[in-house]
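What follows is a short report on a single structure.
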Amino acid sequence: MADVFPAATDLIFGAATAASDATAAIASGLGTGALSLDLNAVAILPEGSVLVALVLCLLVDLAGEKAASRWVPPICYAGLGGALVLLALQWNGGAEPSFLGSFLADNLAIAFRGVVAASTLISLLLSWRYVERSGTPVGEYAAILLAATLGAMFLCGSTDLISIFISLETLSVSSYLLSGYMKRDARSSEAALKYLLVGSAAAAVFLYGASLLYGLSGGGTSLEAIALALRTSASPITALTLVFVLATVAFKIAAVPFHQWTPDVYEGSPTPVVAFLSVGSKAAGFALALRILVGCFESFDAQWKFLFTVLAVLSMVLGNVVALAQTSMKRMLAYSSIGQAGFVMIGMVCGTEDGFAAMVLYMAAYLFMNLGAFACIILFSLRTGSDRIADYAGLYQKDPLITLGLSLCLLSLGGIPPMLGFFGKIYLFFAGWADHQYLLVVVGLVTSVVSIYYYISVIKMMVVKEPQEASDVVKNYPPIEWSLAGMQPLRAALLGCVIVTAVGGVLSSPLFYWASAAVTGTPLLQQAIAAASTPPLG
């Protein structure tokens with residue numbers, strides 16, 4: 001332990017030295033053209049769009065709550081919509097390093113940044129009525145959510161230990177604030193405190209691992225330099241570093257046994273925040289896993305894949321089995337998200353082109369089907385104030401839209417054809433079977449059947465119950481009003497997610513080509529695929 005603090009200090013001083021060297025180089029006469037070439041700031045134009053929206057939200061919020069309620073939503077739509085357009089323009093644009101090699105806008109980063117930005121956009125559409133009802137400032141809430149989005153988007157393309165840690169903490173601190181945003185709710189404060197404690201421990205573990213990587217690489221913070229050093233340095237310290245990095249990644253994607261924070265945070269946090277954390281934060285976590293594990297630990301490929309196999313099996317089994325016993329919709333979806341992370345890990349363990357592509361495709365599919373389910377839960381909660389599964393009994397009589405939307409999204413999450421989720425899982429299982437990952441595929445199939453049971457139990461509760469068997473909450477269901485402030489964006493998000501979930505299966509082939517292009521346009525993944533397919537010498 002005595003070596004930790006000197007190593008961490010070296011890491012910090014190394015970063016400061018690198019920054020001062022860069023400043024000195026600029027001051028010593030580097031031309032403007034050379035500097036702009038090194039910075040390549042065009043790569044982060046999408047993040048710039050989000051940052052401008054964030055600053056404008058804070059400025060508008062100073063003008064008062066009435067002005068904020070009017071102007072903050074269109075500012076957010078413009079910022080996130082502009083980010084998505086700029087990401088589309090960057091597609092296949094060549095992976096040129098930017099900011100002195102600390103950020104890379106390859107197709108993988110663009111795909112995951114797109115998932116993050118889209119999840120924030122949909123989460124905001126779900127948020128306006130919820131925030132209005134809670135009486136909390138709209139501009140402040142939107143600014144914190146956009147800050148979390150910035151951290152997640154930067155994390156997807158970071159290629160340096162310093163930029164990774166700053167992005168990770170920007171996402172994490174913003175997520176802690178969002179979890180405890182409903183200050184009057186004791187459960188929200190409890191969720192934020194648990195998230196903060198566990199997240200701080202994960203950050204400390206990552207810093208310790210980063211300091212060891214810094215030492216092993218001879219004083220470099222670039223992932224490329226670290227990868228070169230680790231190829232010739234297979235020591236117990238490297239294995240310990242792998243464990244620390246793996247723990248951080250497992251925390252971000254909520255994999256067992258690093259999942260303990262998930263159910264409590266999901267249940268206590270504001271539901272639109274949970275919707276963002278379930279998709280945006282998880283997508284950033286998987287992007288980080290690909291950058292570090294695939295990029296740096298090539299010489300420990302068999303070891304980290306074995307550990308990920310164990311994590312995937314545990315996540316699929318525990319997540320789907322424990323979800324059976326839940327009585328709260330948000331806790332059920334929390335354990336469901338743990339199981340879904342296990343499914344995505346199948347593609348990562350494969351390490352093949354089809355595996356990586358299926359992983360990207362499933363994250364895009366998960367965006368729509370999970371946020372569609374949360375849209376229905378938010379709408380039901382706004383009208384009834386309840387989150388209990390039993391209170392959904394007989395809902396089809398009073399609210400056909402929520403019943404249909406939630407049924408389709410849950411069927412898609414369970415992998416029922418012809419929903420989008422079915423094709424996402426099929427691609428993952430095919431990739432796993434082709435790579436001889438039979439254990440993962442069999443466990444995935446069995447736990448998918450288990451998940452269908454508890455998803456269909458909710459649908460049965462809503463549809464099959466007779467009028468006299470309806471819950472008291474449904475019997476006292478209020479009249480449906482769409483003219484209230486914030487209800488139209490919520491309905492638009494709900495309908496959009498449900499339509500994509502329902503008909504996306506028909507369009508799964510173009511989506512798979514898009515996911516494949518994300519893999520083929522990423523040099524890091526292509527090198528890993530080539531290395532895995534090359535037979536060992538001798």
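One is the number of the first residue; the rest follow in order along the sequence. Basis for what follows: all heavy atoms, side chains included, without hydrogens, waters or symmetry-related copies.
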When you look at Asp264 and Lys194, which way does the salt bridge (Lys or Arg N to Asp or Glu O under 4.0 Å) test go after all the steps?
-> CA-CA 8 Å; Asp264 293 330; Lys194 288 181 178 178; 3.0 Å; yes
Using the side-chain contact (heavy atoms from CB on, under 4.5 Å) rule, take Glu169 and Ser172 through it: C-alpha gap first, then chi angles, then the decisive distance, then the call.
-> CA-CA 5 Å; Glu169 286 306 287; Ser172 298; 4.2 Å; yes
Test Lys330 against Thr271 for side-chain contact (heavy atoms from CB on, under 4.5 Å), laying out the working first.
-> CA-CA 8 Å; Lys330 285 164 75 174; Thr271 312; 3.3 Å; yes
Test side-chain contact (heavy atoms from CB on, under 4.5 Å) applied to His259 and Leu314, step by step = CA-CA 11 Å; His259 70 289; Leu314 291 175; over 6 Å; no
Intermediate values then yes/no, salt bridge (Lys or Arg N to Asp or Glu O under 4.0 Å), Glu267 and Arg331 | CA-CA 6 Å; Glu267 185 178 28; Arg331 284 187 77 89; 3.0 Å; yes
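With rounding to the nearest 0.5 angstrom, the OG atom of Ser123 is 5.0 Å from the CG atom of Leu371. Between the CZ atom of Phe99 and the CG atom of Asp160 there is a distance of 13.0 Å, given to the nearest 0.5 Å. One distance of note links CE of Met461 with CG of Leu395; it measures 11.5 Å at 0.5 Å rounding. With rounding to the nearest 0.5 angstrom, the OG atom of Ser299 is 12.5 Å from the CH2 atom of Trp304. In this structure, CG on Leu89 lies 11.0 Å from CG on Leu84, to the nearest 0.5 angstrom. For the atom pair SG of Cys296 and CG of Leu228, the computed distance is 9.5 Å after rounding to the nearest 0.5 Å.
Distance alone, capped at 3.5 Å, places no donor-acceptor pair between the Asn107 side chain and the Thr522 backbone. Although no hydrogens or angles enter the test, the distance criterion places no donor-acceptor pair under 3.5 Å between the side chain of Glu298 and the main chain of Ala528.
Val344 has its side chain within reach of Met363: a pair of non-hydrogen atoms, C-beta onward, lies under 4.5 Å apart. Val458 is not listed as a side-chain neighbour of Tyr454, based on a closest heavy-atom distance of 4.5 Å or more. Proximity of Ser278 to Leu333: side-chain heavy atoms (C-beta onward) are nowhere separated by under 4.5 Å. In this structure, the side chains of Ile292 and Val249 stay at 4.5 Å or more apart for every pair of heavy atoms. Within the 4.5 Å cutoff, no side-chain heavy atoms of Ser451 are placed close to those of Leu413. With contacts defined as side-chain heavy-atom distances shorter than 4.5 Å, the pair Phe380/Met462 does not qualify. With a 4.5 Å cut-off on side-chain heavy atoms, Leu150 and Glu47 count as touching. Residues Thr241 and Leu230 are not in side-chain contact: their nearest non-hydrogen atoms beyond the backbone lie 4.5 Å or more apart.
Under the 30°/60° scheme for interplanar angles, the aromatic rings of Phe429 and Phe343 are found to stand perpendicular. Using a 30° and 60° split on the angle between ring planes, Trp261 and Tyr195 fall in the parallel class, below 30°. Ring orientation note: the planes of Tyr438 and His436 are nearly perpendicular, at an angle over 60° on the 30°/60° scale.
With hydrogens and angles left out, the side-chain atoms of Asp435 and Thr352 include no donor and acceptor closer than 3.5 Å. Looking only at atom types and distance, the side chain of Ser336 has a donor-acceptor partner in the side chain of Tyr455 under 3.5 Å away. Looking only at atom types and distance, the side chain of Thr120 has a donor-acceptor partner in the side chain of Thr149 under 3.5 Å away.
The side chain to side chain contact (heavy atoms under 4.5 Å, CB included) test with Val349 singles out one residue from Leu307, Leu440, Leu311, and that residue is Leu440. Under the side chain to side chain contact (heavy atoms under 4.5 Å, CB included) test applied with Tyr392, the options Leu406, Val463, Thr403 reduce to a single match, Leu406.
More than 12 heavy atoms of other residues, nucleotides or ligands sit less than 6.0 Å from atom CD of Gln526.
Aromatic rings of Phe258 and Phe251 (six-membered ring for Trp) have centroids beyond the 6.0 Å cut-off, not under it.
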